[in-house]
Amino acid sequence: MGVAIRTAGKGDRELIVRLLDEAFQDDPVSGWVFPGAADRRAKHPALMAAFTDIVLAAGRIDVTEDGSACALWLSVPADEGHGEGDAGEDEGPAQVREAVDPDNERIEVIGRLTVAVHPAGRAHEYLWMIGVAPGRQGEGLGTALIEAVLDRCDREGLPAYLEASSARSRTLYERLGFELVGSVLDLPEGPAMWPMWREPRPHRSA
């Protein structure tokens, strides 16, 4: 039986924020951004809200019909500036830090580091985040959300890109055809992130 998926709208904002907050509370990268458990519980939802607002405005959020999983995607054009030369000019990370927690420089640091390693020169689909409710993980919901977009990428000849934030998620993405691109991103005194790229596969007509 397939997983029913729909495109989220503005009316789903609170659902998406709550889902991402719950899904990433124990994520290594979220733990690095907000090292204290109490601080993370208090401020992490605002960071997820900032990400949700960015993607609702500029990308697309897919959500399972039962609200148990979501995926945030951005379509990146070939000429969009990414890479080391642009990392210092992008004001987005500083704006997110200012909106969420001005005293927490790690919010800005992680934004600038991920911008710096983001591949440039080819149009692609960027999986910014994917969240599955803690009680529903392991059911294949995340895979279903990703495969729905990868099928379209294959039909249209588009690559896809993401940064895996844990070894567990990296393994999942490898099964879906993603491969490490460039170097592993080691956060300062923190965990690793794995930039991963997937070339489109030949599309087979049904």
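Along the sequence shown, the residues carry numbers beginning at 1. All values below come from the heavy atoms of this structure, side chains included, with hydrogens, waters and symmetry mates left out. These numbers come from a predicted model, not from an experiment.
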Using the test side-chain hydrogen bond (donor to acceptor under 3.5 Å, both in side chains), find all partners of Glu98 that sit at least two apart in sequence or belong to another chain. none

Taking everything shown except [X] itself, do over 12 heavy atoms lie less than 6.0 Å from its [atom1]?
| X | atom1 | result |
| --- | --- | --- |
| Arg168 | CZ | no |
| Glu189 | CD | no |
| Glu156 | CD | yes |
| Asp26 | CG | no |

Spatial distance of atom [atom1] ([X]) from atom [atom2] ([Y]) [nearest 0.5 Å]:
| X | Y | atom1 | atom2 | answer |
| --- | --- | --- | --- | --- |
| Tyr161 | Cys153 | OH | SG | 15.0 Å |
| Ile5 | Leu141 | CD1 | CG | 9.0 Å |
| His44 | Phe34 | NE2 | CZ | 6.5 Å |
| Arg106 | Asp101 | CZ | CG | 12.0 Å |
| Thr143 | Tyr173 | OG1 | OH | 9.0 Å |
| Ile130 | Leu162 | CD1 | CG | 9.5 Å |

Would you please classify the geometry between the His118 ring and the Tyr126 ring as parallel, tilted or perpendicular, with 30° and 60° separating the classes? perpendicular

Over 60° means perpendicular and under 30° means parallel, so tell me whether Trp128 and Phe51 are parallel, tilted or perpendicular. tilted

Would you sort out whether Arg18 and Asp21 count as a side-chain contact (heavy atoms from CB on, under 4.5 Å), showing the intermediate values? CA-CA 5 Å; Arg18 184 173 65 252; Asp21 178 47; 5.7 Å; no

Provide the closest heavy-atom pair for [X] versus [Y] in the form atom of the first, atom of the second, distance.
| X | Y | answer |
| --- | --- | --- |
| Ser68 | Leu19 | O-CD1, 3.5 Å |
| Gly111 | Pro93 | C-CG, 3.7 Å |
| Pro28 | Pro191 | O-CG, 3.6 Å |
| Ala164 | Ser169 | CB-OG, 3.7 Å |
| Ala167 | Trp194 | N-CZ3, 3.6 Å |
| Ile146 | Trp73 | CA-CZ2, 4.2 Å |

Passes side-chain contact (heavy atoms from CB on, under 4.5 Å), Ile16 versus Leu56? Steps please. CA-CA 10 Å; Ile16 301 300; Leu56 279 174; over 6 Å; no

May I ask you to decide if [Y]'s main-chain N or O and [X]'s side chain share a donor-acceptor pair within less than 3.5 Å?
| X | Y | result |
| --- | --- | --- |
| Asn104 | Val33 | yes |
| Asp12 | Gly9 | yes |
| Arg198 | Leu176 | yes |
| Arg97 | Pro102 | yes |
| Thr52 | Arg13 | no |
| Trp32 | Pro188 | yes |
| Ser165 | Val29 | no |
| Gln137 | Val132 | yes |
| Asp62 | Ala71 | no |

Using side-chain heavy atoms (C-beta onward) and a distance below 4.5 Å, is Leu180 in contact with Pro195? yes

Do NZ/NE/NH1/NH2 and the carboxylate oxygens of Glu108 and Arg112 come within less than 4.0 Å? yes

Does this structure show an ion pair linking Arg122 with Glu199, if we count only N-O contacts that are shorter than 4.0 Å? yes

According to a 4.5 Å side-chain heavy-atom criterion applied to Ile, Leu, Val, Met, Phe, Trp and Tyr, with indirect links allowed, do Leu158 and Leu74 form part of one hydrophobic cluster? no

Determine whether Val55 and Met129 satisfy the following criterion, side-chain contact (heavy atoms from CB on, under 4.5 Å), listing intermediate values before the conclusion. CA-CA 10 Å; Val55 181; Met129 300 185 78; over 6 Å; no

Could you walk me through whether Val117 and Met193 pass the side-chain contact (heavy atoms from CB on, under 4.5 Å) test, one step at a time? CA-CA 11 Å; Val117 301; Met193 297 181 73; over 6 Å; no

